[in-house]
Amino acid sequence: MALQWMILTYVAAAEAAIAILLTLPAPKLVKSRLVSLVSLILQPSLFIVPFSIFQLMDIYWKQEHRLMCTGETCTASERDRYEKSIYKAQRNVVLCAAACLLYWCIYRICKYHKEIQSLEEAEKRYKDQ
């Protein structure tokens, strides 16, 4: 299970880095090349959305079937372990949501950039006429 969360963490970190690169000011040529490269990468990296949703369903299922430790029968170590698992689950939910949100942000940034390029080209054609 730790490998899945490590992969999701690295993908979310890479998505954050790409989002930062796309939003930094750069010359038009560099920005258009970067956006075209990221656009090519977007379709194969779509796997992160169903993967995150699957992980969220797994967290939900485990939460529903987790043994409760809320009585006098629980020892201090059992209570600590229970609370630690709750904190891990919350962290992983945030990680899944962040991965999906970052993917969507990158997709929208690329789409907006392409729309701006097409509008600039149309404006250029109208000025030439």
Side-chain angles (χ1 to χ4, degrees):
M1 281 305 280
L3 180 62
Q4 295 170 344
W5 295 113
M6 189 177 70
I7 290 171
L8 194 61
T9 303
Y10 287 148
V11 169
E15 286 177 341
I18 289 171
I20 289 171
L21 280 175
L22 287 175
T23 56
L24 287 176
K28 280 189 177 188
L29 181 62
V30 174
K31 182 70 96 174
S32 65
R33 298 289 171 133
L34 184 63
V35 167
S36 65
L37 176 67
V38 171
S39 295
L40 290 174
I41 297 171
L42 274 176
Q43 189 174 5
S45 66
L46 182 62
F47 80 92
I48 198 62
V49 175
F51 183 70
S52 294
I53 292 171
F54 175 75
Q55 293 299 328
L56 284 172
M57 289 188 316
D58 184 46
I59 291 170
Y60 177 74
W61 185 85
K62 286 179 181 176
Q63 177 66 26
E64 289 295 317
H65 296 87
R66 180 175 283 142
L67 295 175
M68 294 295 193
C69 187
T70 57
E72 293 179 11
T73 59
C74 292
T75 63
S77 64
E78 288 175 341
R79 191 171 291 118
D80 288 343
R81 188 176 51 178
Y82 173 75
E83 289 177 2
K84 185 179 176 183
S85 70
I86 294 295
Y87 292 138
K88 275 185 169 181
Q90 291 172 348
R91 179 199 63 200
N92 292 339
V93 166
V94 169
L95 182 62
C96 290
C100 291
L101 182 67
L102 283 169
Y103 180 85
W104 179 79
C105 288
I106 292 170
Y107 171 77
R108 293 307 300 178
I109 290 169
C110 289
K111 186 170 180 169
Y112 286 145
H113 184 74
K114 287 181 179 181
E115 288 176 2
I116 288 171
Q117 273 185 331
S118 67
L119 288 173
E120 286 175 350
E121 289 172 3
E123 180 185 20
K124 193 175 185 181
R125 277 185 269 134
Y126 288 134
K127 281 185 180 180
D128 290 343
Q129 291 177 355

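- Remark: L29 engages S32, R33 in a side-chain contact (heavy atoms from CB on, under 4.5 Å) (not counting sequence neighbours).
- We find the CG-SG distance between L34 and C110 to be 8.0 Å, quoted to the nearest 0.5 Å.
- Side-chain atoms of Y112 and R108 include a donor-acceptor pair closer than 3.5 Å.
- For residues 6-24, the set of pairs meeting the side chain to side chain donor-acceptor pair (under 3.5 Å) definition, not counting sequence neighbours, is empty.
- In this structure, CD in Q4 is found 11.0 Å from OG in S52, a value given to the nearest 0.5 Å.
- Note that NE2 of H113 is 8.5 Å distant from NZ of K28, once rounded to the nearest 0.5 Å.
- A salt bridge is defined here as a Lys NZ or Arg NE, NH1 or NH2 lying under 4.0 Å from an Asp or Glu carboxylate O, and K62 with D58 meets this definition.
- Annotation: the span from F47 atom CZ to Y103 atom OH amounts to 10.0 Å, rounded to 0.5 Å.
- Follow the hydrophobic side-chain contacts under 4.5 Å out from V35 and you never reach L102; the two are in separate clusters.
- Side chains of K88 and K84 form a contact here, defined as non-hydrogen atoms less than 4.5 Å apart.
- Remark: Q43 CD is loosely packed, at most 12 non-hydrogen atoms of other residues, nucleotides or ligands lying under 6.0 Å away.
- Under the 4.5 Å side-chain contact rule for hydrophobic residues, V49 and L95 share a cluster.
- Residues Q63 and I86 share a closest heavy-atom pair of OE1-CD1, 3.6 Å.
- Applying the side-chain contact (heavy atoms from CB on, under 4.5 Å) rule to I7 yields the partners L3, V11; only residues at least two apart in sequence or on another chain are considered.
- Atom-to-atom distance recorded for Y126:OH and Q129:CD is 7.0 Å, nearest 0.5 angstrom.
- Using a 4.5 Å heavy-atom threshold, the side chains of S45 and I48 count as separate.
- Judged by distance alone, the side chain of K114 and the main-chain N or O of S36 form no donor-acceptor pair under 3.5 Å.
- Looking at every heavy atom in both residues, L46 comes nearest to P50 through O-CD, 3.2 Å.
- A chain of hydrophobic side-chain contacts below 4.5 Å, direct or via other Ile, Leu, Val, Met, Phe, Trp or Tyr residues, connects I109 to L21.
- Remark: Y107 pairs with L42, K111 by the side-chain contact (heavy atoms from CB on, under 4.5 Å) rule, at least two apart or across chains.
- Atom SG in C100 sits 5.5 Å away from atom CD1 in I53 (nearest 0.5 Å).
- Applying the side-chain contact (heavy atoms from CB on, under 4.5 Å) rule to I59 yields the partners W5, A89, N92, V93; only residues at least two apart in sequence or on another chain are considered.
- For E78, there are no salt bridge (charged side-chain N to carboxylate O under 4.0 Å, His left out) partners at least two apart in sequence or on another chain.
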